[in-house]
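All residue numbers refer to positions in the sequence shown, counting from 1. These numbers were taken from a predicted model, which means no experiment stands behind them.
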Amino acid sequence: MIQVHSLCKHFGGLKAVHQATLNIQRGKITGLIGPNGAGKTTLFNTIAGVYAPTGGRILLDGEDVTGFAPHQLFAKGLVRTFQIAHEFPTLTVLENLMMVPPAQLGERLVNTWLRRRRMHKQEAQLRRQAEAVLEFLKLSPLADELAGNLSGGQKKLLELGRTMMTDAKVVLLDEVGAGVNRTLLNDIGDAILRLNRERNYTFCMIEHDMEMISRLCDPVIVMAEGAVLTEGSAAEVNANEQVIEAYLGRGLGIKRRHTARVPIPQPRPQPTRSDASAAADLSEVADMRFFIGEAMTGGYGGADILDACTVGVSKGEIVVIVGPNGAGKSTAMKAMLGMLKLRHGRIMLGGVDISGLAPQARVARGIAFVPQVANVFVTMSVQENLEMGAYLRRDDFTATMEQVFELFPVLREKRRQLAGELSGGQRQQVAVARALMTKPSVLMLDEPTAGVSPLVMDDLFARILEVRDSGVAILMVEQNARQALSIADRGYVLVLGANRHTDRGAALLANPEVRKSFLGG
């Protein structure tokens, strides 16, 4: 279907993709994996025409399409999705699907007078097609919902639905599972399998979730340092020592020959409820919380997303918020930062009510927030990004920057490089490091491991634990619930904007109801 021969894409002296050769076979679901910075997304962007290649050739069904523009490749049946879904937020879910097919009669004003009947007939046909797609993806109940109100996982399904509205021959899926809980991830995987088996769609997918890769993909191509490292079945790749060293690491529980620079500490022992010297229940712990959102209720103009939700964290504690997509996890964090005005409830910091403060005033009080997306200044260097984090400081921040470089050594190496040229995992490190430059008392992280490899995830969690041990309160939303709860002091499970479970991280991991609903059983 697609043959790539000695493909190169260089950005100045940076060889993001270099001499990459691979085949995407017709009728297959091909997996594309590799460590952050391996060149996977750059490869996709070059195949899809977003970047002009520096060298090499790209063939689609035997035709040389090297250097073709994205719209030309789209017309030939090549469709590409993105790690961050790009929906039209002010249109409904149904309208998002209906507008995808090109050359619609309604695109020309003259047809509203001269071809009105044909235009309405075409529109009715598109509506039926879109409704069938929504039924296929189990999104029919959301047909009239504004797409901007969907959860991250639902937006991923919508993006998959948009490919179904085209005459796609081959679909490039970039991190379709990033930031999606396990239950919805299984639904997305089912949809991909059905499209492949029932409708003969050809897929190539970048994905860090090896459970999903093993379930869906054969063959699996592994990239490292801009080139193809190896190719084989998922089982063969999982057993390949080169792949384990370069990519899988401890994220799959595989013992590597070399340990990471800093071993991941184990969660601090928690007192048992039978220990008379310890807090007997979580209500006593709640009295000591440093940063808390109490009975938060509110939304974005429509129905309330948060329903009397309470979330809190103490200094030197990691608290993780988990739950299904659309549960209100990120909304709760935004409310605590002041980005959402609540109808009811209040936000307390160190015993002081800060509900009336603007977000920038809360930041000045010591609250740092790292969003999932758009979290670095892409046209600034790494060092300039870090300096921006210290913008409000009036003291010498040299020592803090040195501490940040100790935490994230790769940033010292790349301090002069533009943040926009970094891999996804390296950008996440820049975002966290910039937040730490404020010397926060509270660090809020929204999906910090979304789109990073297992090895980088291990390392990032190790750094988060080090920050926790320095006395900072860490509040984190994370869909990778197994790993997040394993390092958490406490956790909250939200459902439809309300608290469903609150307990120690280990206890939530062991809770059968939590595991079944949110961790995939």
Problem set entry | Derivation of the side-chain contact (heavy atoms from CB on, under 4.5 Å) call for Leu150 and Glu87 | CA-CA 10 Å; Leu150 298 183; Glu87 77 287 351; over 6 Å; no

Can you find a pair of side-chain heavy atoms, one from [X] and one from [Y], that are under 4.5 Å apart?
X      : Y      : result
Thr202 : Lys169 : no
Lys414 : Leu422 : yes
Thr400 : Leu436 : no
Val220 : Ile33  : yes
Val477 : Ser330 : yes
Met401 : Gln383 : yes
Arg415 : Ser381 : no

Under the 3.5 angstrom rule, does the side chain of [X] hit a backbone N or O of [Y] as a donor-acceptor pair?
X      : Y      : result
Asn23  : Gln25  : no
Thr92  : Leu146 : no
Gln72  : Ala69  : yes
Ser214 : Glu211 : no
Asn375 : Pro371 : yes
Asn96  : Phe88  : yes
Glu402 : Ala399 : no
Glu159 : Phe82  : yes
Arg427 : Gly420 : yes
Gln428 : Pro448 : yes

Do you know which two heavy atoms are closest between [X] and [Y], and how far apart they sit?
X      : Y      : value
Ala488 : Val320 : CB-CG2, 3.6 Å
Ala368 : Pro440 : CB-CB, 3.8 Å
Met339 : Pro359 : N-CG, 4.1 Å
Val171 : Ala168 : CG2-CB, 4.0 Å
Leu139 : Leu158 : CD1-N, 4.1 Å
Gly49  : Leu73  : N-CD1, 3.6 Å

Return all side-chain donor-acceptor pairs below 3.5 angstrom for residues 50-58, not counting sequence neighbours, or 'none' if the list is empty.
{"unit_1": "Thr54", "atom_1": "OG1", "unit_2": "His10", "atom_2": "N", "d": "2.8"}
{"unit_1": "Arg57", "atom_1": "NE", "unit_2": "Asp64", "atom_2": "OD2", "d": "3.3"}

For this session: Would you please test Phe408 and Val432 for side-chain contact (heavy atoms from CB on, under 4.5 Å) and show each step?
Result: CA-CA 10 Å; Phe408 302 105; Val432 175; 4.0 Å; yes

Exercise. For Glu236, which residues count as a side chain to side chain contact (heavy atoms under 4.5 Å, CB included) partner, sequence neighbours excluded?
Worked result: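 Expected list: Ser233.
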
For this session: Return the set of residues passing side chain to side chain contact (heavy atoms under 4.5 Å, CB included) with Met388 (not counting sequence neighbours), or none when no residue passes.
Result: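 Applying side chain to side chain contact (heavy atoms under 4.5 Å, CB included) to Met388 gives Phe377, Met380, Arg434.
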
Exercise. Between Ile221 and Thr30, does a side-chain contact (heavy atoms from CB on, under 4.5 Å) hold up when you go through it step by step?
Worked result: CA-CA 7 Å; Ile221 299 170; Thr30 300; 3.8 Å; yes

Problem set entry | Distance (rounded to the nearest 0.5 Å) between Leu97 CG and Arg162 CZ |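 Spacing of CG (Leu97) from CZ (Arg162) equals 8.0 Å.
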
Exercise. Roughly how far apart are Leu137 CG and Arg194 CZ, rounded to 0.5 Å?
Worked result: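 The CG atom of Leu137 sits 8.5 Å away from the CZ atom of Arg194.
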
Exercise. Which is it for Arg416 and Val382 under the side-chain contact (heavy atoms from CB on, under 4.5 Å) test, yes or no, and what are the steps along the way?
Worked result: CA-CA 6 Å; Arg416 306 300 180 192; Val382 169; over 6 Å; no

Problem set entry | Candidate list Ile213, Leu229, Val222, test side chain to side chain contact (heavy atoms under 4.5 Å, CB included), partner Val237, passing option |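 Among Ile213, Leu229, Val222, the one meeting side chain to side chain contact (heavy atoms under 4.5 Å, CB included) with Val237 is Val222.
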
Is it true that [X] and [Y] make a salt bridge, defined as a side-chain N closer than 4.0 Å to a carboxylate O?
X      : Y      : answer
Lys28  : Asp218 : no
Asp174 : Lys40  : no
Lys329 : Glu478 : no

For this session: Please say whether more than 12 non-hydrogen atoms of neighbouring residues, nucleotides or ligands are located less than 6.0 Å from CZ in Arg393.
Result: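 Counting other residues, nucleotides and ligands, CZ of Arg393 exceeds 12 neighbours.
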
Problem set entry | Glu225, CD: over 12 other non-hydrogen atoms inside 6.0 angstrom |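 Not buried by this count: 12 neighbours or fewer within 6.0 Å.
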
Problem set entry | Parallel, tilted or perpendicular: ring planes of Phe203 versus Tyr201, cut at 30 and 60 degrees |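 Because their plane-to-plane angle is under 30°, the rings of Phe203 and Tyr201 count as parallel.
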
Exercise. Taking it one step at a time, do Asn45 and Arg80 satisfy side-chain hydrogen bond (donor to acceptor under 3.5 Å, both in side chains)?
Worked result: CA-CA 9 Å; Asn45 284 334; Arg80 186 232 199 278; 2.8 Å; yes

Do the numbers put [X] on top of the ring of [Y], so that NZ or CZ is under 6.0 Å from the six-membered ring centre and no more than 45° off the axis?
X      : Y      : result
Arg199 : Phe136 : yes
Lys9   : Phe11  : yes
Arg463 : Phe461 : no

